[in-house]
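Contents: one structure, followed by commentary.
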Amino acid sequence: MAVSAALLLELGIILAVLTVLGTAARRFALSPIPLYLVAGLALGEGGIAPVPAAGEFVSTGASIGVVLLLLTLGLEFSIGEFATSLRRHLPSAWVDLLLNAIPGAIAGWLLGLSGVGILALAGVTYISSSGVIARLLGDLRRLGNRETPAVLSILVLEDFAMAAYLPLLAVLAAGGTLLHALVGMTIAITALVVAFVVSYRWGQHVTRFVAHPDNEQLLLRVLGLTLIVAALAEFIHASAAVGAFLVGLTLTGDSAQRARTVLSPLRDLFAAIFFLAIGISVDPADLVPMLPAALALAAVTAVTKVLTGRFAARREGVARPGQLRAGTALIARGEFSLVIIGLVGSTYEQLEAIATPYVFILAIVGPVLTRYVGTRPVIRG
């Protein structure tokens with residue numbers, strides 16, 4: 001089998017750059033996410049040093065990265081405890097939707113977009129980035145914080161909402177009928193509910209299936225199962241991320257602990273590729289025309305996400321510093337917003353012009369704000 005020298009060289013350069021940036025970030029106790037995003041901007045089309053040969057690998061690696069991030073996050077919790085947290089945070093989900101979708105809808109109306117364009121921009125401002133936030137919580141050692149279940153509940157409920165929203169938007173953007181869109185929504189939501197119930201009631205059988213004393217076998221079984229579930233979730237226009245998260249929640253005991261250990265290096269590699277890919281997907285020239293409007297919208301929806309996080313964390317009985325940590329953790333937008341832009345951006349150029357810099361601004365600013373709001377790494381109890 002022939003090996004592409006250009007591919008190997010570009011991947012070597014990419015990993016060397018990520019190494020330098022990651023080392024610099026950790027020296028100052030920062031998350032490397034913003035630096036990886038900026039590096040991607042420089043390495044993408046329109047950047048100062050494009051990497052065309054590595055493009056396909058980076059795109060594929062990004063998909064694996066977000067799956068691994070949510071899988072390992074799910075391994076930190078039990079599905080019983082998380083089901084209780086989800087029920088507690090249904091009111092938080094409504095607050096999240098109202099506070100964060102409405103600013104996008106208003107912005108779309110002011111830009112003169114049609115109904116589909118307004119719906120799309122509302123989705124862009126509503127949905128936080130599961131991938132960015134999952135890595136961020138780990139980088140800042142906040143997985144054990146009291147506010148973290150509230151943050152994760154919001155993310156999973158948003159992903160459930162996306163299972164209804166994305167089929168609706170895709171069909172309407174393609175000129176399909178409302179009935180067709182409603183059928184797609186129903187299928188996606190039903191499938192996710194069934195998957196959650198199966199994980200809740202029969203998760204111990206899944207744990208027995210993947211359990212094995214050999215680490216290689218454990219890795220292959222867990223990763224294989226996760227990718228299959230993630231693919232099925234994507235097939236029904238749900239979220240690969242929430243599918244992977246459900247697999248992580250399902251696994252318990254020694255198998256979950258060992259899976260975290262064997263998956264961690266793989267997760268860190270592909271997570272870095274995931275953040276790089278977000279930057280590569282953006283042409284720097286696209287960030288300029290609507291930058292002032294994007295900054296204004298980003299400022300408004302950063303505040304509304306903080307309010308959402310505070311409301312959700314207060315329902316967990318968390319004090320004010322933890323509420324602020326929860327709010328700033330939710331600010332980052334990323335992969336879902338870019339998917340929405342991809343669905344309708346070619347038809348609505350104004351939406352793409354404002355949404356692209358908006359996502360990139362919050363993907364960078366969110367992790368920085370999260371780092372400096374509430375400096376204590378772990379608040380247990």
Side-chain angles (χ1 to χ4, degrees), residues 6-7 9-22 24-25 30-63 65-66 104 107 111 117 120-121 124-125 127-129 131-132 135-136 271-302 331-369:
L7 172 62
L9 178 61
E10 288 182 5
L11 286 178
I13 293 172
I14 286 172
L15 295 178
V17 169
L18 294 178
T19 298
V20 172
L21 294 177
L30 296 171
S31 170
I33 293 172
L35 297 180
Y36 292 164
L37 292 168
V38 173
L41 196 65
L43 297 174
E45 184 178 350
I48 59 176
V51 285
E56 186 175 352
F57 174 86
V58 170
S59 178
T60 303
S63 300
V66 72
L111 288 170
L121 193 52
V124 169
T125 59
I127 185 73
S128 297
S129 171
V132 173
R135 175 61 186 267
L136 192 58
I273 298 296
F274 164 69
F275 301 121
L276 187 80
I278 292 179
I280 286 177
S281 68
V282 176
D283 188 329
D286 294 338
L287 302 179
V288 178
M290 295 287 285
L291 188 58
L295 283 167
L297 185 59
V300 170
T301 54
I331 288 174
R333 270 62 162 192
E335 66 279 6
F336 273 121
S337 297
L338 292 173
V339 168
I340 295 168
I341 295 169
L343 284 174
V344 302
S346 59
T347 306
Y348 301 92
E349 293 182 0
Q350 274 188 302
L351 182 147
E352 186 175 22
I354 189 173
T356 301
Y358 166 83
V359 172
F360 204 77
I361 289 165
L362 290 182
I364 292 176
V365 171
V368 175
L369 288 177

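Quick note: numbers below take in every heavy atom, side chains included, and nothing from hydrogens, waters or symmetry partners.
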Closest non-hydrogen atom pair between [X] and [Y], with its separation:
X: I341; Y: A355; result: CD1-CB, 3.5 Å
X: L21; Y: Y36; result: CB-CE2, 4.2 Å
X: L287; Y: P357; result: CD2-CA, 3.5 Å
X: S337; Y: I127; result: OG-CG2, 3.5 Å
X: I364; Y: P34; result: O-CG, 3.7 Å
X: L35; Y: A25; result: CD1-CB, 3.9 Å

So how far is it from [X] [atom1] to [Y] [atom2], rounded to the nearest 0.5 Å?
X: I273; Y: I14; atom1: CD1; atom2: CD1; result: 6.0 Å
X: L121; Y: I340; atom1: CG; atom2: CD1; result: 9.5 Å
X: L351; Y: M290; atom1: CG; atom2: CE; result: 9.5 Å
X: T356; Y: D283; atom1: OG1; atom2: CG; result: 9.5 Å
X: L295; Y: I361; atom1: CG; atom2: CD1; result: 4.0 Å

Has S281 got a side-chain atom pairing as donor or acceptor with I278's backbone, closer than 3.5 angstrom?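 It does hold such a pair.
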Does a side-chain heavy-atom distance below 4.5 Å link L338 with V359?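 Touching, per the 4.5 Å side-chain cut-off.
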Any R333 side-chain heavy atom under 4.5 Å of T301 side chain: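 Yes, close enough: below the 4.5 Å cut-off.
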Donor-acceptor list for residues 49-58 side chains, cut-off 3.5 Å, not counting sequence neighbours:
none

Report the C-alpha distance between L369 and I331 in whole Å, list the side-chain angles of each, state the deciding distance to 0.1 Å, and finish with yes or no for side chain to side chain contact (heavy atoms under 4.5 Å, CB included). CA-CA 9 Å; L369 288 177; I331 288 174; 3.8 Å; yes
Whether the Y358 and T125 side chains hold a donor-acceptor pair (N or O, under 3.5 Å, no angle test) is what I'd like checked.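 Distance-only check fails for Y358 and T125.
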With side chain to side chain contact (heavy atoms under 4.5 Å, CB included) as the test, would you mind laying out the steps for V124 and F336 before giving the verdict? CA-CA 8 Å; V124 169; F336 273 121; over 6 Å; no
